[in-house]
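Just follow the structure's listing: the first ligand is 1, and inside any ligand the first atom is 1. Everything numeric in this text was worked out from a predicted model, so none of it was measured.
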Amino acid sequence: SNPGLLSKFRGCMIGTLIGDCLGAPFEGDELVSNRILGNYFSNLLNGGSKQIFPYTDDTCMTLSVVNSLIENKKVDAKDLAKKFVAEYFSQPKRGYGNNVIDVFQALKQSNFDDVYLPGKMQFNGSGSYGNGSAMRISPIALFGHNKSDIELKNDAVECSRITHTHPNGCNGAILQCLAVKSALKADSSKEFDPVDFISQLENKMEAFEIEATSPYFESLKKIKDIYLKGQEDITAVEIAKYLGHYVSAHKSVPTAIYSFLRGMKPLSEFECPNPFVRTIYFAISIGGDTDTIASMAGSIAGAYFGVEAIPSELQERCEIIEEVSKLADKLYGASQDVVT
Ligand code: F2R
Ligand code: MG
Ligand code: MG
């Protein structure tokens with residue numbers, strides 16, 4: 001049966017955390033061996049060792065967004081900026097992007113005078129297209145799930161442009177936000193059509209008048225082609241080349257969305273009956289920016305399947321799992337008060 005909305009909120013937040021914690025040990029590996037990854041997952045699922053996996057910047061920033069939404073009951077850019085900065089300076093060694101830390105420093109030095117200025121100045125004024133805006137966007141989709149798509153898009157842009165003003169950085173956050181909302185709204189007890197899921201995302205992005213030349217349209221079409229051309233056995237290594245697996249948003253958000261779709265069906269390289277686990281496995285097997293791709297894929301899969309689909313053996317291995325579960329419940333409560 002389709003899980004309830006609270007289960008989907010918990011699934012999304014816990015999926016975000018699990019992808020980050022379990023993907024982090026492989027971040028930066030160009031290739032991830034199926035033998036090593038298979039053993040890694042068997043160990044996790046069979047309780048082989050009780051090692052706790054630490055979270056990284058992906059979770060730090062996501063939780064700042066959650067806390068800000070719970071406190072303010074709206075997207076408040078100044079408060080978000082303050083929370084990002086406070087979180088960074090309290091734990092700077094959580095594997096943040098190389099350049100985004102300049103934004104945190106400038107925001108602090110300027111005493112948050114213009115919260116958008118430091119982001120605008122990045123990369124000689126072109127802005128960052130890193131995936132740091134998309135990786136933290138899932139709470140915006142959860143909180144605003146009853147808002148119109150255009151309202152949600154505006155919220156995603158407000159949250160992104162504090163650090164990421166490049167169109168590819170912002171649009172990546174919008175696409176990831178829409179994907180989480182679609183997964184949340186979908187009935188997972190009904191048959192799932194991957195081509196329809198992607199077509200709906202394309203239509204929504206088009207309605208926002210995002211430039212037709214945006215790399216997101218090309219990547220979404222490429223994902224549809226996999227199904228329309230019957231190439232569903234494409235390997236993870238091929239996906240890395242086809243869609244990308246890098247720290248840039250346009251080379252990771254479509255890859256995360258594809259990982260969610262791929263987890264729907266059994267994988268030849270990893271026997272597992274659980275589609276959520278398959279999503280995380282496949283996302284990590286693509287290599288590259290594994291924590292962030294798995295985290296974004298986990299957000300979507302968790303929002304679709306709900307928390308009951310996520311094995312407790314995986315949840316228990318993640319640092320701050322209990323805090324994240326409680327925050328998911330508070331975010332759910334805050335979202336009930338949203339007036340649309
Ligand atoms: N930073 C990492 N991983 C690297 C090593 C971590 C290691 N484990 C450690 O602890 O040392 N991961 C995290 O960063 C990614 C998110 O990055 P974000 O927040 O987008 O940062 P930034 O600095 O804005 O962008 C990242 C890089 O993208 C390139 N880039 C972005 N815009 C560009 C532009 N306009 N022109 C050229 N290059 C651009 C730059 O190389 C940036 O440094 C996540 O993976 C998270 O997990
Ligand atoms: Mg990270
Ligand atoms: Mg990463």
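Among the backbone and side-chain atoms of Asp20, none of the N, O or S atoms lies under 2.8 Å from the Mg ion (ligand 3). The distance from the Mg ion (ligand 3) to the nearest N/O/S atom of Asn131 is not under 2.8 Å. Among the atoms of Asp58, no N, O or S atom is found under 2.8 Å from the Mg ion (ligand 3). Coordination check, Met135 versus the Mg ion (ligand 2): failed, since every N/O/S atom of the residue sits at 2.8 Å or beyond.
The cationic group of Arg10 does not satisfy the cation-pi geometry with Tyr332, failing either the under 6.0 Å distance to the six-membered ring centre or the 45° limit from the ring axis.
The closest non-hydrogen atom to atom 40 (C) of ligand 1, taken over Phe84, Tyr246, Phe123, comes from Phe123. Taking only non-hydrogen atoms, the option from Gly127, Gly132, Gly28 nearest to atom 35 (N) of ligand 1 is Gly127. In this comparison of Asp58, Asp102, Val247, the heavy atom closest to atom 15 (C) of ligand 1 sits on Val247.
Residue Asp289 touches ligand 1 through its side chain alone, judged by heavy-atom distances below 4.0 Å.
For Tyr258 and Tyr242, the ring centers sit 6.0 Å or farther from each other. Between Phe89 and Phe104, the distance from one ring center to the other does not fall under 6.0 angstrom. Phe197 and Phe260 have their aromatic ring centers within a separation under 6.0 angstrom. A centroid separation of less than 6.0 Å is found between the aromatic rings of Tyr40 and Phe26.
Two residues are said to be in side-chain contact when any heavy atoms from C-beta on lie closer than 4.5 Å; Met205 and Leu175 meet this criterion. A 4.5 Å side-chain heavy-atom check between Asn274 and Leu45 finds every atom pair outside the cut-off. Taking 4.5 Å as the limit, every side-chain heavy atom of Val307 sits out of range of all side-chain heavy atoms of Pro3.
With Gln336 contributing its side chain and Gly333 its backbone, the two residues share no donor-acceptor pair below 3.5 Å.
Residues Glu158 and Asn154 bring no donor and acceptor atom of their side chains to less than 3.5 Å of each other. Side-chain contact check for Asp58 and Ser295: no donor-acceptor pair (N or O, by modelled atom type) lies under 3.5 Å.
In this structure, CG in Leu107 is found 8.0 Å from CD1 in Ile162, a value given to the nearest 0.5 Å.
Taking the Mg ion (ligand 2) as reference, the nearest N/O/S atom within Asp57 carries the name OD1. Distances from the Mg ion (ligand 2) to the N/O/S atoms of Asp291 are shortest for OD2.
In terms of protein heavy atoms, atom 42 (C) of ligand 1 is closest to Asn99 OD1, 3.4 Å. Of all protein heavy atoms, the one closest to atom 13 (C) of ligand 1 is Asp57 OD2, 2.9 Å. Of the protein's non-hydrogen atoms, Gly95 O, 3.3 Å is the one closest to atom 2 (C) of ligand 1.
Proximity of Ser126 to ligand 1 is established by a heavy-atom distance of less than 4.0 Å. Under the 4.0 angstrom criterion for non-hydrogen atoms, His164 is in contact with ligand 1.
Geometrically, ligand 1 and Asp291 share a nitrogen or oxygen pair separated by less than 3.5 Å. Of the N or O atoms in Ser128, one or more lie within a sub-3.5 Å distance of an N or O in ligand 1. Between Gln122 and ligand 1, no pair of N/O atoms sits closer than 3.5 Å. The distance criterion of under 3.5 Å between nitrogen or oxygen atoms is not met by Met135 with respect to ligand 1.
Taking every non-hydrogen atom of Glu27 and a distance limit under 4.0 Å, the qualifying atoms of ligand 1 come out as 2 (C), 3 (N), 6 (C), 8 (N), 12 (N), 13 (C), 45 (O), 46 (C), 47 (O).
One finds an angle of 90° at the Mg ion (ligand 3) between OG1 on Thr292 and OD1 on Asp289, to the nearest 10 degrees.
Distance screen at 4.0 Å: atom 11 (O) of ligand 1 has no protein heavy-atom neighbour inside the cut-off.
Ring geometry, Tyr216 versus His250: the interplanar angle exceeds 60°, so the pair is classed perpendicular (tilted spans 30 to 60°).
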